[in-house]
Undergrad: 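One structure coming up, written as structure tokens, with questions to follow.
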Amino acid sequence: MLSKYVYLLLGLFASMHLLYINDDMYDIKFNFTNKWLNIIKNIYFNLNRNSNSETSMHISEKVFTPNELKKYTNLKDGLYISILGHVFDVTKGAKHYQPGAPYHIFTGCDASASFITGNFEELTDDISSLPTDSIVLLNKWLKFYHENYIYKGKLNGRYYDEDGVPKEEFHNVLKIVSHAKVEQLQEEYIKKMLPPCNIEWDSTFGTVVWCSERSGGIERDWIGVPRMLFESPNSKQYRCACVKLDSKQYKEMKGMLKEYSQCPETSIRCFVKAENLSS
């Protein structure tokens with residue numbers, strides 16, 4: 001099982017490496033190495049800890065068959081649902097899950113996909129067609145149920161085998177969620193290092209972009225100057241970013257930054273023509 005997590009970590013590291021050697025990004029080298037190695041190290045220890053936990057848990061915990069789970073759809077026997085192969089007793093939320101209640105349809109089965117799509121006519125636990133953000137949301141719901149309802153065990157099916165050992169489908173969920181987390185952290189880091197500009201429309205001069213110590217909602221001890229920050233050197237999509245000209249981030253990302261026309265290089269405020277605005 002541990003080998004699957006090592007494979008995940010190697011995949012994340014490979015993705016980072018591609019960022020460095022991609023032709024379009026060759027001259028734009030973020031100094032993220034130590035930061036992302038620390039992130040990956042933390043992810044590794046967390047996954048390893050979870051792996052060891054699950055290995056010891058599935059020895060004694062209950063593993064339901066689909067037919068067994070179908071029994072728990074009433075107040076007498078209990079109201080159980082499954083999400084990503086994890087089974088929960090939701091009887092304390094009977095007003096939501098008892099017969100006749102809005103979510104009773106989720107009891108006695110794993111309807112993970114329908115939980116997100118809202119398609120109650122074709123209940124399924126197959127989430128392979130869901131986009132990444134939906135899978136991340138589903139994983140958040142899984143955490144919610146662990147925190148608010150009684151965990152009862154695993155379901156033998158798409159995500160776990162008859163011994164309660166995770167199958168490839170569950171490892172795929174972990175991979176997707178972990179990749180999304182790394183991307184989110186990277187976006188947050190870039191936003192912190194290159195905060196968005198303030199933008200307003202002036203009846204005399206037109207659109208104005210400017211920087212301050214709180215522009216973009218990012219408090220800092222420097223102001224910066226407005227620059228167009230492109231998604232990549234060849235991209236047409238960009239946003240206005242406040243840049244500290246003597247910073248390491250400016251030097252590393254210079255290939256993705258462009259000055260606003262007719263705006264002094266060191267000015268903290270620029271008047272922008274309509275065609276120069278990001279859509």
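Count residues from 1 along the sequence.
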Undergrad: With ring centroids as reference points, do His86 and Tyr159 lie under 6.0 angstrom apart?
TA: no
Undergrad: With side chain to side chain contact (heavy atoms under 4.5 Å, CB included) as the criterion, how do Ile105 and Leu123 come out once you've worked through the C-alpha distance, each side chain's angles and the decisive distance to 0.1 Å?
TA: CA-CA 9 Å; Ile105 196 168; Leu123 298 178; 3.5 Å; yes
Undergrad: Kindly compute the distance separating CG (Leu142) from CD (Glu147), expressed to the nearest 0.5 Å.
TA: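 The CD atom of Glu147 is 10.0 Å from CG of Leu142, to the nearest 0.5 Å.
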Undergrad: Does the side chain of Asn119 pick up a donor-acceptor pair with the side chain of Thr117 at under 3.5 Å?
TA: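 Checked: Asn119/Thr117 side chains show no N/O donor-acceptor pair below 3.5 Å.
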Undergrad: What's the verdict on side chain to side chain contact (heavy atoms under 4.5 Å, CB included) for Tyr145 and Tyr151, showing C-alpha distance, side-chain angles and the deciding distance?
TA: CA-CA 8 Å; Tyr145 277 95; Tyr151 170 73; over 6 Å; no
Undergrad: Report the C-alpha separation of Glu169 and Val173 in whole Å, then their side-chain angles, then the decisive distance to 0.1 Å, and conclude whether the side chain to side chain contact (heavy atoms under 4.5 Å, CB included) test is met.
TA: CA-CA 7 Å; Glu169 289 283 351; Val173 171; over 6 Å; no
Undergrad: Tell me if a side-chain donor or acceptor on Ser178 pairs with a main-chain N or O of Lys175 at a distance below 3.5 Å.
TA: no
Undergrad: Please report whether the ring centroid of Tyr97 lies less than 6.0 Å from that of Phe106.
TA: no
Undergrad: Between the side chains of Thr124 and Asp126, is a donor N or O closer than 3.5 angstrom to an acceptor N or O?
TA: no
Undergrad: Strictly below 4.0 Å, N to O, side chains only: are Lys71 and Asp77 in salt-bridge contact?
TA: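 Looking at Lys71 and Asp77, the cut-off is not met.
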Undergrad: Within the 4.5 Å heavy-atom criterion, are Leu155 and Leu69 side-chain neighbours or not?
TA: yes
Undergrad: Kindly determine whether Thr65 and Asn67 satisfy side chain to side chain donor-acceptor pair (under 3.5 Å), including the steps that lead there.
TA: CA-CA 5 Å; Thr65 66; Asn67 284 333; 5.5 Å; no
Undergrad: Could you tell me if Ser215 and Arg220 have a donor-acceptor pair between their side chains, going purely by distance under 3.5 Å?
TA: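 Note: Arg220 and Ser215 side chains meet the donor-acceptor criterion.
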Undergrad: Nearest 0.5 Å please: distance from the OH atom of Tyr250 over to the CG atom of Leu257.
TA: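 One gets 7.0 Å once the value is rounded to the nearest 0.5 Å.
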Undergrad: Quick one: pull up CD1 in Ile223 and CZ in Arg269 and give me the separation to the nearest 0.5 Å.
TA: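 The CZ atom of Arg269 is 11.0 Å from CD1 of Ile223, to the nearest 0.5 Å.
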Undergrad: How close do Pro102 and Lys95 get, counting heavy atoms only, and between which atoms?
TA: CD-O, 4.1 Å
Undergrad: Do you know the tightest heavy-atom contact between Ala180 and Thr132?
TA: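 Closest pair (atom of Ala180, atom of Thr132, distance): CB-CG2, 4.1 Å.
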Undergrad: Could you tell me how the ring of Phe88 sits relative to the ring of His146: parallel (under 30°), tilted (30 to 60°) or perpendicular (over 60°)?
TA: perpendicular
Undergrad: Flag the pair Cys240 / Met228 as yes when at least one side-chain heavy-atom distance between them is below 4.5 Å, and no otherwise.
TA: no
Undergrad: Treat each ILVMFWY residue as a node, draw an edge where side-chain heavy atoms are under 4.5 Å apart, and state whether Ile81 and Leu75 are in one component.
TA: yes
Undergrad: Leu84 and Asp110: which non-hydrogen atoms are nearest, and at how many Å?
TA: N-OD2, 3.4 Å
Undergrad: I'd like to know if the side chain of Thr91 reaches the main chain of Leu79, judged simply by a donor and an acceptor atom lying under 3.5 Å from each other, with no hydrogens or angles considered.
TA: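 Yes: the side chain of Thr91 pairs with the backbone of Leu79.
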Undergrad: What are the two closest non-hydrogen atoms of Glu259 and Cys263, and how far apart are they?
TA: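 Heavy atoms only, the tightest pair is OE1-O, 4.5 Å.
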Undergrad: Just wondering, do Leu130 and Ile127 contact through their side chains at under 4.5 Å, heavy atoms?
TA: yes
Undergrad: Ignoring hydrogens and geometry, is there a side-chain-to-backbone donor-acceptor pair from Asn74 to Lys76 under 3.5 Å?
TA: yes
Undergrad: Search all heavy atoms of Cys242 against all heavy atoms of Trp210 and return the closest pair with its distance.
TA: SG-O, 4.3 Å
Undergrad: To the closest 0.5 Å, what do you measure between CD1 (Ile116) and CG (Asp133)?
TA: 9.0 Å
Undergrad: Measure the CD-CG distance between Gln237 and Leu229 for me, rounded to the nearest 0.5 Å.
TA: 12.0 Å
Undergrad: Do the side chains of Phe230 and Val272 join up, straight or via other hydrophobic residues, at under 4.5 Å, putting them in one cluster?
TA: yes
Undergrad: For a quick test of reading the model, state the closest non-hydrogen atom pair linking Leu138 to Ser112 and the distance between them.
TA: CD1-O, 3.6 Å
Undergrad: Consider only side-chain heavy atoms of I, L, V, M, F, W and Y, link residues closer than 4.5 Å, and tell whether Tyr72 and Ile150 are in one cluster.
TA: no
Undergrad: With rounding to the nearest 0.5 angstrom, report the CG to CZ distance, Leu245 to Arg227.
TA: 5.5 Å
Undergrad: Could you check if a side-chain atom of Thr73 sits within less than 4.5 angstrom of a side-chain atom of Pro99, using non-hydrogen atoms only?
TA: no
Undergrad: Please tell me if the side chains of Lys154 and Val87 come closer than 4.5 Å, counting only heavy atoms from C-beta onward.
TA: no
Undergrad: Would you find more than 12 non-hydrogen atoms of other residues, nucleotides or ligands less than 6.0 Å from Glu122 atom CD?
TA: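 No, because the 6.0 Å sphere around CD of Glu122 holds 12 heavy atoms or fewer from other groups.
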Undergrad: Hydrophobic clustering (ILVMFWY, side-chain heavy atoms < 4.5 Å, transitive) - are Ile190 and Trp222 grouped together?
TA: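 No.
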Undergrad: Check for me, please, whether Ile83 and Phe144 land in the same ILVMFWY cluster - side-chain distances under 4.5 Å, paths through other members count.
TA: yes
Undergrad: Hey, what do you get for Cys197 versus Cys211: SG atoms under 2.5 Å apart or not?
TA: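 Between Cys211 and Cys197 there is no disulfide, given that their SG atoms are not under 2.5 Å apart.
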Undergrad: Going by an N to O cut-off under 4.0 Å, is there a salt bridge joining Glu68 and Lys62?
TA: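 Salt bridge: yes.
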Undergrad: Is the cationic atom of Lys92 (NZ for Lys, CZ for Arg) positioned less than 6.0 Å from the six-membered ring centroid of Tyr149 and within 45 degrees of its normal?
TA: yes
Undergrad: Does a side-chain heavy-atom distance below 4.5 Å link Lys244 with Asp246?
TA: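 Answer yes - side chains close enough.
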Undergrad: Between Phe170 and Tyr160 (judged by ring centroids, cut-off 6.0 Å), do the two rings come close enough to count as a pair?
TA: yes
Undergrad: Considering only heavy atoms from C-beta outward, does the side chain of Asn148 approach that of Val90 to under 4.5 Å?
TA: no
Undergrad: Arg158 and Asp125: salt bridge (charged side-chain N to carboxylate O under 4.0 Å, His left out), yes or no, with the steps?
TA: CA-CA 7 Å; Arg158 184 178 297 275; Asp125 59 354; 2.9 Å; yes
Undergrad: Within the 4.5 Å heavy-atom criterion, are Tyr260 and Phe271 side-chain neighbours or not?
TA: no
Undergrad: Check the pair Ile199, Thr207 against side chain to side chain contact (heavy atoms under 4.5 Å, CB included), reporting the backbone distance first and the verdict last.
TA: CA-CA 7 Å; Ile199 301 177; Thr207 301; 4.0 Å; yes
